[in-house]
Amino acid sequence: MKDELKIIPLGDAVAKMKTGSTPPTSHAGYFGGDIPWFTPGDIGSTKNLVESTRTLTQEAIFEGEAKLFEKGMLLVTCIGDIGRVGILQQPSYSNQQITALKFKDDIDSDFAYYWFVSNKKKLVNLANQAIVPILNNERLSEIEFAYPPLTEQKRIASLLTRADRLRQLRRTAHDLGDALLQSVFLEMFGEYIYSGDFIELGDEIILGPSNGIYKSEEYFGSGTLLLDIKGLYKSFYADFNTARRIQTTDSELKKYQVADGDILINRVSKMPEGVGKTVLVRNSPEPFVYESNMMRFRVNSERLNGIYLVYFLASEFSRKDLISKSNISNQASINQETVRSLKISVPPLSLQEEFAGVVARVESLSGRMGESTRQVEGLFDALLAQTMDNGR
């Protein structure tokens, strides 16, 4: 295969390269229609992009506030979490964090998708190293793109698609577990939520909320573990897989160190749906601090169970409450007073703990499934590396 590979700049392999846009968020009439409008959170879990979390109205389209992407174009995230990809299954739109690529006739879009999956690290390394990484279209166009003849591309893509389907089935089983817990939560606490009997979260906070640490890049690379904003998006628990290290003084460590049982909440996001994501801290691998894009607080454990609280704050009711109190200008944000003013329901602690027990049992089952899932993921990665020739 190596002898037949063509290696050209990515820009020469595409017929079109377009970046999305965001209609003015101050104009509510542009959002909530039936037209797909993709944001980075919609991309990366599956190859085929069908539905988006947010949508646009015909008004936004008629007034030229969005850029149309054709069916079959490959979407790649180029701001923030670089290199998430998917293929559009219908004409759609996206925000400015996403670039759309239409490949020339001698390149199979499915093959291109797996090439991007295989070369995600390369894209990340080419992005600038600002607080919010950016891979602009010029640099994206310069990346070397290696590909065999079209018939070989289709054979490789077909093989990887079959392997990917098995991987997706495993992920679907995990998602069903999450959906089950959401359903159990509503069944157990729906009557409390819809009763209208609420207090403010601040009444139960015993520490914080307080913003995290901010330091320039020169302090990164060694020292104390730092949980970054990516660690808030994978589950209801803080995820340390993307954590970095930062040099801290003793006083900074004392001020910003997080304890198991604390709650972390995202305080700023480019899009409203990103702000307010909340996680519980548990099983910390070592002492750590948290970055400035989030806030930390601690609640009275004799009144609130942490598992219950993060599920409540993720509920539709709480999300609407938080979004209504957010500041939405160039980006969505909340402050400490916003967090304190959030309405919460406080059912009997015994019922909250019963729910936490259900969560623990589902997680235990997911853990047993996890090993077989990791094996499937490992096989897919090995096949990807072999067939894509490591991106050459």
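These figures come from a predicted structure and were not determined experimentally.
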Peer 1: Please find out if less than 6.0 Å separates the ring center of Phe145 from that of Trp115.
Peer 2: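 Yes, close enough.
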Peer 1: Between Glu286 and Arg245, does at least one N-O distance fall below 4.0 Å, as a salt bridge requires?
Peer 2: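 Salt bridge: yes.
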Peer 1: Is it the case that more than 12 heavy atoms not belonging to Tyr219 sit under 6.0 Å from its OH atom?
Peer 2: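 No - once you tally the heavy atoms of other residues, nucleotides and ligands closer than 6.0 Å, there are 12 at most.
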Peer 1: Pick from Tyr308, Phe312, Tyr311: which one makes a ring-ring contact (aromatic ring centres under 6.0 Å, His included) with Phe236?
Peer 2: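 Exactly one pass, corresponding to Tyr311.
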Peer 1: If the threshold is 4.0 Å, N to carboxylate O, is there a salt bridge linking Arg340 and Glu200?
Peer 2: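 Answer for the salt bridge query: no.
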Peer 1: Do the side chains of Lys16 and Glu70 get close enough for a salt bridge, i.e. N-O under 4.0 angstrom?
Peer 2: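 Looking at Lys16 and Glu70, the cut-off is met.
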Peer 1: Taking 4.0 angstrom as the limit, do Asp321 and Lys325 come out as a salt bridge?
Peer 2: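 Salt bridge flag = yes for Lys325 with Asp321.
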Peer 1: Heavy-atom count check: over 12 atoms from other residues, nucleotides or ligands less than 6.0 Å from Gln90 CD?
Peer 2: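 Check passes, neighbour count above 12.
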Peer 1: Is it true that, when you exclude Lys343 itself, more than 12 heavy atoms of the residues, nucleotides or ligands shown sit nearer than 6.0 Å to its NZ?
Peer 2: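 No, not enclosed.
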Peer 1: Taking everything shown except Tyr233 itself, do over 12 heavy atoms lie less than 6.0 Å from its OH?
Peer 2: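 Buried by this count: over 12 neighbours within 6.0 Å.
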Peer 1: Output yes when Asp110 and Lys47 qualify as a salt bridge under the 4.0 Å nitrogen-oxygen rule, no when they do not.
Peer 2: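 Between Lys47 and Asp110 there is a salt bridge, with a charged N closer than 4.0 Å to a carboxylate O.
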Peer 1: I'd like to know whether CG of Asp105 has more than 12 heavy-atom contacts from other residues, nucleotides or ligands below 6.0 angstrom.
Peer 2: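 Counting neighbours around CG of Asp105, 12 or fewer heavy atoms of other residues, nucleotides or ligands fall under 6.0 Å, so no.
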Peer 1: May I ask you to say whether Glu152 pairs ionically with Arg155, meaning some side-chain N is under 4.0 Å from a carboxylate O?
Peer 2: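 Counted as a salt bridge, because a side-chain N and a carboxylate O are separated by less than 4.0 Å.
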Peer 1: Look at Glu252 together with Lys215 and state whether they make a salt bridge at an N to O cut-off of under 4.0 Å.
Peer 2: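 Between Lys215 and Glu252 there is a salt bridge, with a charged N closer than 4.0 Å to a carboxylate O.
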